[in-house]
Amino acid sequence: MDFTMTLYLRNYWKDERLSFPSTTNKSMTFDGRLVKKIWAPDVFFVHSKQSFIHDTTTDNIMLRIFPDGNVLYSIRVTVTAMCNMDFSCFPLDTQTCSLEIESYAYTEDDLMLYWKGDKDALKTDEKVSLSQFLIQRFHTTSKLAFYSSTGWYNRLYINFTLRRHIFFFLLQTYFPATLMVMLSWVSFWIDRLAVPARVSLESNSERQRRKNQMHEYHQSRSQRYGRDVEETKKQGSPILKRSADATKSYLTKSEQLLRVDDHDFTMRPGFGGPSIPVGVDVQVESLDSISEVDMDFTMTLYLRHYWKDERLSFPSTNNLSMTFDGRLVKKIWVPDMFFVHSKRSFIHDTTTDNIMLRVYPDGKVLYSLRVTVTSMCYMDFSRFPLDTQSCSLEIESYAYTDDDLMLYWKSGNNSLTTDEKISLSQFMIQEFHTTTKLAFYSSTGWYNRLYINFTLHRHIFFFLLQTYFPATLMVMLSWVSFWIDRRAVPARVPLGITTVLTMSTIITGVNASMPRVSYIKAVDIYLWVSFVFVFLSVLEYAAVNYLTTVQERKERKRREKLPCTCAIPQPRPLMVERTYSDGEVSNLAEFAGPDYMPQNGEKQDRELVKPPIADEPTENKEKILSRYIWIDTHIIDKYSRLIFPVAYALFNIIYWSIYT
């Protein structure tokens, strides 16, 4: 009962202690280092379970100070907070959740917290969506919160309403449940004497219901375990965290050479002048995983920045650059790049921080770091598993608009290189390419945004082997019942039920690894049509068995009128002796009267049936044995042998021609 949200939280206030003289009335932008030296509001998230400020590639913090002392303080936060949900109407439910923001230390007497623009204070990204819910609306409210020990506090609420998509549950729960109920009705049409068939039909339906419950239970446990593991990874192990080595001193001689203490590196190079160009190139080391359930991807890359900072120029006779590790980075200005729409990211720190800083005599800088980032990728599964997905990794400066920092690909499309060993087990990587756009935030302005785009085409062979081929075999297996004797009820009913339950298991297994989307997927079409074919084969035998029972009743009435069968006890079930061909029927036609000949001269397969004579007197046995009763093989079975395979083959032709 919680939700996870990533947001840009911006605070506005005025601190006259930070005012400064200016002729252009232009603000100054700083990174997160200055925040620790000034006062900032101490807001926190009430009822949050965990939260963190993103820190890749630097702390996602922006501080903008205006000459009159007005301050804009922005941070990028991911927070997991409680949401008390009511499942009494599940899955036809609507849930309302809130993210609550409040000052921790200052009561309303010291700090008045309010929404800056009322309704305009809350904005949402146009890409915000959930696979299982429809986000109906976002809105803000404000209230006062009282603590008996400390007093009254202003509390801000971000409220949103979620309406659950019903289509997934219709397809995966209601529709199968309805079919199972209808399948249980088949027993009403089976001969009442076929006890093993009728009982197995009911018990198999109950067994499948329990199997589905156990599958959902284990799936929910695995999801909880996965979340626990992920939280453990986020929290990290205290043993693996590397603390600073107090025995080592910083590069004092290098700092003196670069005159680090002579300049204020909390401000960008050339502050007050034109924007500083920062070139970027990327080498993708690996594409680690693609998650359909979470709709994200994980990528490891080398991110390199190029810019010029004359404050770092130094005299040199051989024009050689100086290379430093990550310790000097904390004392100079570096671009504050971050990954838009990222869920988590980190800079590798084994065996030391994977950071490289190279400074040239003229002040040119190369700053490189190795990053792993997990970012969102909005996927369309309408053609799954015959789909192609396009994803993007977006890079942007957090604090500096295009007036202060011009971000660009250093060598155009050649700025992106990939490791030749990059591969994915489930996808074929078709293409990597770069693009550049401008992104607008109404509160802060325009920013340069770089895109790493790549296209993934899913391999189909795995799904052919694990989904399509077994489903096709189950459908073909259901056709075997058309060739089995129509009176072999214990054989035909379990065969049909087994294929139905196997198809249900295949469908459940496929959707267990997929998000609960609100539309039908290509694999759903194939599996559910196959399920319907299997289900119809069971209904076909129910119709055959019922009509056979009606036919036998008519035959018994006819036999009662014959003098040779009047002494036979009634009613008794007919016992199948064996099946005869058309040639044998023509030779034995003399044993049957005209009442038993096919109508309209139509040829039909016939079964030679003999009434039971175990309890008859010896003198009557010869008379009874001399008479045989002919019953036609049911015409439904004959047509089904042709119609079912032809219809399924036609469906396959249409399906594969559309989706391939």
Side-chain angles (χ1 to χ4, degrees), residues 4-19 25-46 48 51-56 58-79 81 98-106 111-128 138-142 153-160 266 268 336-342 394 396-405 438-449:
T4 300
M5 178 186 292
T6 299
L7 63 149
Y8 300 94
L9 180 63
R10 304 184 182 99
N11 303 268
Y12 302 83
W13 73 93
K14 186 174 182 178
D15 190 341
E16 294 182 351
R17 296 171 295 180
L18 298 176
S19 60
N25 200 34
K26 187 175 182 180
S27 63
M28 292 193 297
T29 300
F30 304 91
D31 56 22
R33 287 176 290 186
L34 188 62
V35 174
K36 300 176 182 178
K37 297 182 178 182
I38 67 171
W39 180 89
D42 61 337
V43 295
F44 77 105
F45 300 100
V46 186
S48 64
S51 58
F52 62 93
I53 299 175
H54 290 259
D55 57 0
T56 307
T58 62
D59 291 338
N60 293 180
I61 297 174
M62 184 263 285
L63 184 68
R64 185 174 296 173
I65 303 176
F66 295 85
D68 58 356
N70 282 319
V71 181
L72 164 58
Y73 171 51
S74 174
I75 54 176
R76 182 168 176 259
V77 186
T78 291
V79 55
S98 298
L99 183 63
E100 306 169 26
I101 305 171
E102 183 182 304
S103 170
Y104 190 83
Y106 299 101
L111 189 148
M112 184 180 68
L113 205 61
Y114 69 98
W115 289 112
K116 184 175 183 292
D118 293 332
K119 295 182 179 179
D120 295 332
L122 177 63
K123 299 180 179 62
T124 58
D125 193 293
E126 59 182 10
K127 294 182 179 180
V128 171
F138 277 92
H139 67 281
T140 61
T141 53
S142 301
Y153 294 79
N154 295 113
R155 183 177 295 180
L156 308 182
Y157 293 80
I158 300 175
N159 308 296
F160 55 96
T266 60
R268 71 172 180 88
D336 59 338
M337 300 299 103
F338 80 104
F339 301 99
V340 187
H341 299 135
S342 65
E394 306 168 25
E396 183 181 303
S397 169
Y398 189 81
Y400 300 99
T401 65
D402 62 340
D403 294 330
D404 290 319
L405 189 148
L438 282 174
F440 177 72
Y441 300 88
S442 59
S443 301
T444 53
W446 291 90
Y447 294 79
N448 295 111
R449 183 177 294 180

If you measure only the distance, is there a donor-acceptor pair under 3.5 Å linking the side chains of Asp336 and Ser397?
->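 Side-chain D/A pair, Asp336 to Ser397: present.
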Side chains of Ser74 and Tyr398, donor plus acceptor under 3.5 Å =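 Checked: Ser74/Tyr398 side chains pair up, N/O donor to acceptor below 3.5 Å.
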Heavy-atom check, side chain of Asn70 versus side chain of Tyr12, under 4.5 Å |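 A side-chain contact is absent here, since even the closest heavy-atom pair is not under 4.5 Å.
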To the nearest 0.5 angstrom, please state how far the [atom1] atom of [X] sits from the [atom2] atom of [Y].
X      : Y      : atom1 : atom2 : answer
Arg64  : Lys26  : CZ    : NZ    : 10.0 Å
Ser27  : Asp404 : OG    : CG    : 7.0 Å
Trp39  : Trp13  : CH2   : CH2   : 6.5 Å
Leu156 : Thr140 : CG    : OG1   : 8.5 Å
Leu111 : Tyr153 : CG    : OH    : 11.0 Å
Tyr400 : Leu405 : OH    : CG    : 8.0 Å

Parallel, tilted or perpendicular, as decided by the 30° and 60° cut-offs, for the rings of Phe440 and Trp446 |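 It falls in the tilted class, 30° to 60°.
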Show the nearest heavy-atom pair for residues [X] and [Y], with the distance to one decimal.
X      : Y      : result
Ser98  : Phe160 : N-CE2, 4.5 Å
Ser48  : Val79  : CB-CG2, 3.7 Å
Thr444 : Leu72  : CG2-CD2, 3.7 Å
Met112 : Asn154 : CA-OD1, 3.4 Å

Side-chain (Trp115) to main-chain (Thr141) donor-acceptor, under 3.5 angstrom =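 Yes: the side chain of Trp115 pairs with the backbone of Thr141.
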Arg76 backbone acceptor or donor facing Asn60 side chain under 3.5 Å =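 Pair absent, no side-chain N/O of Asn60 close to backbone of Arg76.
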Worked check of ring pair (Phe, Tyr, Trp, His ring centres under 6.0 Å) between His54 and Phe52 = CA-CA 6 Å; His54 290 259; Phe52 62 93; 4.9 Å; yes
Using the side chain to side chain contact (heavy atoms under 4.5 Å, CB included) rule, take Leu9 and Val43 through it: C-alpha gap first, then chi angles, then the decisive distance, then the call.
-> CA-CA 10 Å; Leu9 180 63; Val43 295; 3.9 Å; yes
Sequence neighbours left out, what passes salt bridge (Lys or Arg N to Asp or Glu O under 4.0 Å) with Arg449? Give chain and number order.
->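 Scan of Arg449 (salt bridge (Lys or Arg N to Asp or Glu O under 4.0 Å), adjacent residues dropped) gives Glu394, Glu396.
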Step by step, would you call Phe45 with Ile101 a side chain to side chain contact (heavy atoms under 4.5 Å, CB included)?
-> CA-CA 5 Å; Phe45 300 100; Ile101 305 171; 4.0 Å; yes
Salt bridge (Lys or Arg N to Asp or Glu O under 4.0 Å) partners of residues 27-46, not counting sequence neighbours, each pair once |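 Of all non-adjacent pairs touching residues 27-46, those that pass salt bridge (Lys or Arg N to Asp or Glu O under 4.0 Å) are Asp31-Arg33.
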Can you list the residues that meet the side-chain contact (heavy atoms from CB on, under 4.5 Å) rule with Ile53, with sequence neighbours excluded?
-> Ile61, Ile75, Val77
Residues Ser443, Tyr8; criterion side chain to side chain contact (heavy atoms under 4.5 Å, CB included); working and verdict | CA-CA 10 Å; Ser443 301; Tyr8 300 94; over 6 Å; no
Residue pair His139, Leu122: steps toward the side chain to side chain contact (heavy atoms under 4.5 Å, CB included) verdict = CA-CA 7 Å; His139 67 281; Leu122 177 63; 5.8 Å; no
N-O pairing of Asp15 and Arg17 below 4.0 Å | yes
